[in-house]
Protein chains: 2
Amino acid sequence: MPNFLIAKLQWFTPLSDADRLALHGATAKRRQVGAREDIAHEGQAHGPVRMILDGWACRYRQLDDGRRQITAILLPGDLCDTHVNVLCEMDHSIGTITPVTLAEIARDRLDALVGSRPIVGRALWWEMLAAVSVQREWTVNIARREGIARLGHLFCELFHRLRAVGLTRDFGYGLPLRQSELADALGLTEVHVNRCLRALRDRDLITLRGRWLTILDLPALERASLFRPNYLHLGRRNAANAVGPVPARPPETYRYGSSHYQSAR
Amino acid sequence: MPNFLIAKLQWFTPLSDADRLALHGATAKRRQVGAREDIAHEGQAHGPVRMILDGWACRYRQLDDGRRQITAILLPGDLCDTHVNVLCEMDHSIGTITPVTLAEIARDRLDALVGSRPIVGRALWWEMLAAVSVQREWTVNIARREGIARLGHLFCELFHRLRAVGLTRDFGYGLPLRQSELADALGLTEVHVNRCLRALRDRDLITLRGRWLTILDLPALERASLFRPNYLHLGRRNAANAVGPVPARPPETYRYGSSHYQSAR
DNA sequence: CGGTTCATTGAGATATCTCAATGGTCGTGG
DNA sequence: CCACGACCATTGAGATATCTCAATGAACCG
């Protein structure tokens, strides 16, 4: 399995072989979690720093009345809790969408890594700040865009983030989220998500069949969703070894974890 | 002027005299900004790390159609951009609400401070993580609560955050936000904010006169707003010198910056 | 092959928005 | 000290996005 974290960090800065090796070493300890299980729960004390090696997960907060709000989608290569152990306890939960492979990194190990490899430390800072920026944009998206644009905006974001780690194929990617989960992420109702999806299809902006999303006209979808990718901070990598914005080869896999989802035929 | 940052950090950890002195020294360089001006603008390269010494400000993002969304309220003692210089450019703007006194801290100076004083470094980590947690809660608030609760939730949050730095008096505080700014923060319309305010007043939960907000029944308001303060991470300070949750004395000031706003009579 | 989960559709209810007008407050200049 | 203008708060009425409840249909799994 390719290391998606390394792939992502190189959008920010080139990493030496030694850096890569150190990152590989730190993420060697792995754990499997099934689909739709909790990785961490609100109120828990903090454990090790976790990283999504493969599969999809999400942060969410459960409301008293049973509804929940997903506040972030975690994709392969995403870190769950950089240095979050500074806080006493979790204020939200993390659950899986698909089966997930985690790397667990002991806090002192991470500190040592950051201490000995400043480039890696800076790259991890970037990863965290970019995640915060995404969080801000979610606030804007939910507050100010109407259903159709909100949904389209999420699809655009996921496309760019997945492309950064090589998990897109052309203009499509595997989308394991159910409509109820899209609703939980967007602050909408399952029913309304369904209708907005139909609208996006009717406008020939996307297709969605068999858990595979295809963006038929990315510029048009971005326009319709008021999407501007700057907040992802994937734009101009300041790497010397920069390659094109799109990975040259299609990704090796678009299945999630074990073969839980089918691709489009 | 008391140093609100120090006051806030001590909710997380006790600071030695030397720590306090170092923080004081780092925030010595100051700048004044008028009300409703931009401190930083989207697209700009990053400058020094900024801290709000006094006054209110906000992060916001401007949408193409002229509307804007405020994504965070910055209160005295809040840091604007901890280590954000890692990113190439700002993805949002920061503007003042009231006249603001800023401290500007050069990046290398901050690095040196964090390097030489690990307690301060950890405390600044806490401050950043708590801010991210607030950001997540804003997403939940806007996504899942209806107007009245949304407004009430914001009032509760501001109360707790201001109390942590000693800027409340009993159950009230100065609220310099206009209704249009409340609307921009909550993803509502100015008109609707007005009606929700009336509803909160009619239910005897708050009064708001002359830029002074009084919470008439905090537990009731928190209940009505589905507010739980855990996400603020101000709950259990692990300080040895912990005092009660409410500062013993009323704050020295509840005017913003220069005497721009009147208190309640 | 039957059951469970998920997606789709309809119709009525409600929160919020839009547009437009009126009223209040405050600072400024005459 | 008053009058004016600018800005902000308030109210009304109709429009629209989204929700709720409920039912049906499709897909998938054991």
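Residue numbering restarts at 1 for every chain, and letters A, B, ... go by the order of the sequence lines. Please read all numbers here as calculations on a predicted model, not as lab measurements.
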**Message:** Could you tell me how far apart R144(B) (CZ) and dA15(C) (P) are, to the nearest whole angstrom?
**Reply:** 16 Å
**Message:** Whole angstroms only, please: what is the NE2-C1' distance between H192(A) and dT14(C)?
**Reply:** 14 Å
**Item:** Nucleotide dC17(C), atom P - distance to CD of E146(B) in whole Å
**Value:** 12 Å
**Step-by-step ring pair (Phe, Tyr, Trp, His ring centres under 6.0 Å) determination, H160(A) to F227(A)** = CA-CA 11 Å; H160(A) 283 277; F227(A) 179 88; 5.2 Å; yes
**Message:** For T71(A), is there any backbone N or O sitting under 3.5 Å from a side-chain donor or acceptor partner on R59(A)?
**Reply:** no
**Item:** Donor-acceptor under 3.5 Å (Q135(A) side chain, A72(A) main chain)
**Value:** no
**Request:** Give a yes or no answer on whether the side chain of D65(A) reaches the backbone of R67(A) with a donor-acceptor pair at less than 3.5 Å.
**Result:** yes
**Message:** Output the rounded distance in Å from CG (L186(B)) to P (dC17(C)).
**Reply:** 10 Å
**Request:** Could you encode protein contacts along nucleotides 3-11 of chain C as a string, one character per nucleotide from 5' to 3', using B for base contact, S for sugar-phosphate-only contact and - for no contact, with a heavy-atom cut-off of under 4.0 Å?
**Result:** ---SSBBBB
**Message:** Does this structure show an ion pair linking R36(A) with E181(A), if we count only N-O contacts that are shorter than 4.0 Å?
**Reply:** yes
**Message:** Main chain of F155(B), side chain of Y173(B): is a donor-acceptor contact present, judged purely on distance under 3.5 Å?
**Reply:** yes
**Asked** Under 3.5 Å, is there a donor-acceptor pair between the side chain of R201(A) and the main chain of I206(A)?
**Response** no
**d(CG, L182(B); C1', dA9(D)) in whole Å** = 12 Å
**Request:** Just report the end-to-end axis angle for the helix from dC1(C)-dG30(D) to dG30(C)-dC1(D), five pairs per end, to 10 degrees.
**Result:** 40°
**Request:** Provide, to the nearest angstrom, the distance between the CZ atom belonging to R67(A) and the C1' atom belonging to dC19(D).
**Result:** 10 Å
**Message:** Looking at L129(A), is its backbone amide N or carbonyl O close enough to the side chain of S133(A) to form a donor-acceptor pair, meaning the two atoms are under 3.5 Å apart?
**Reply:** no
**Prompt:** What's the CG-P distance between D65(B) and dC17(C), to the nearest Å?
**Reply:** 13 Å
**Prompt:** How long is the line joining CZ of R145(B) and C1' of dT18(D), in whole Å?
**Reply:** 19 Å
**Item:** Side-chain (T96(B)) to main-chain (G34(B)) donor-acceptor, under 3.5 angstrom
**Value:** yes
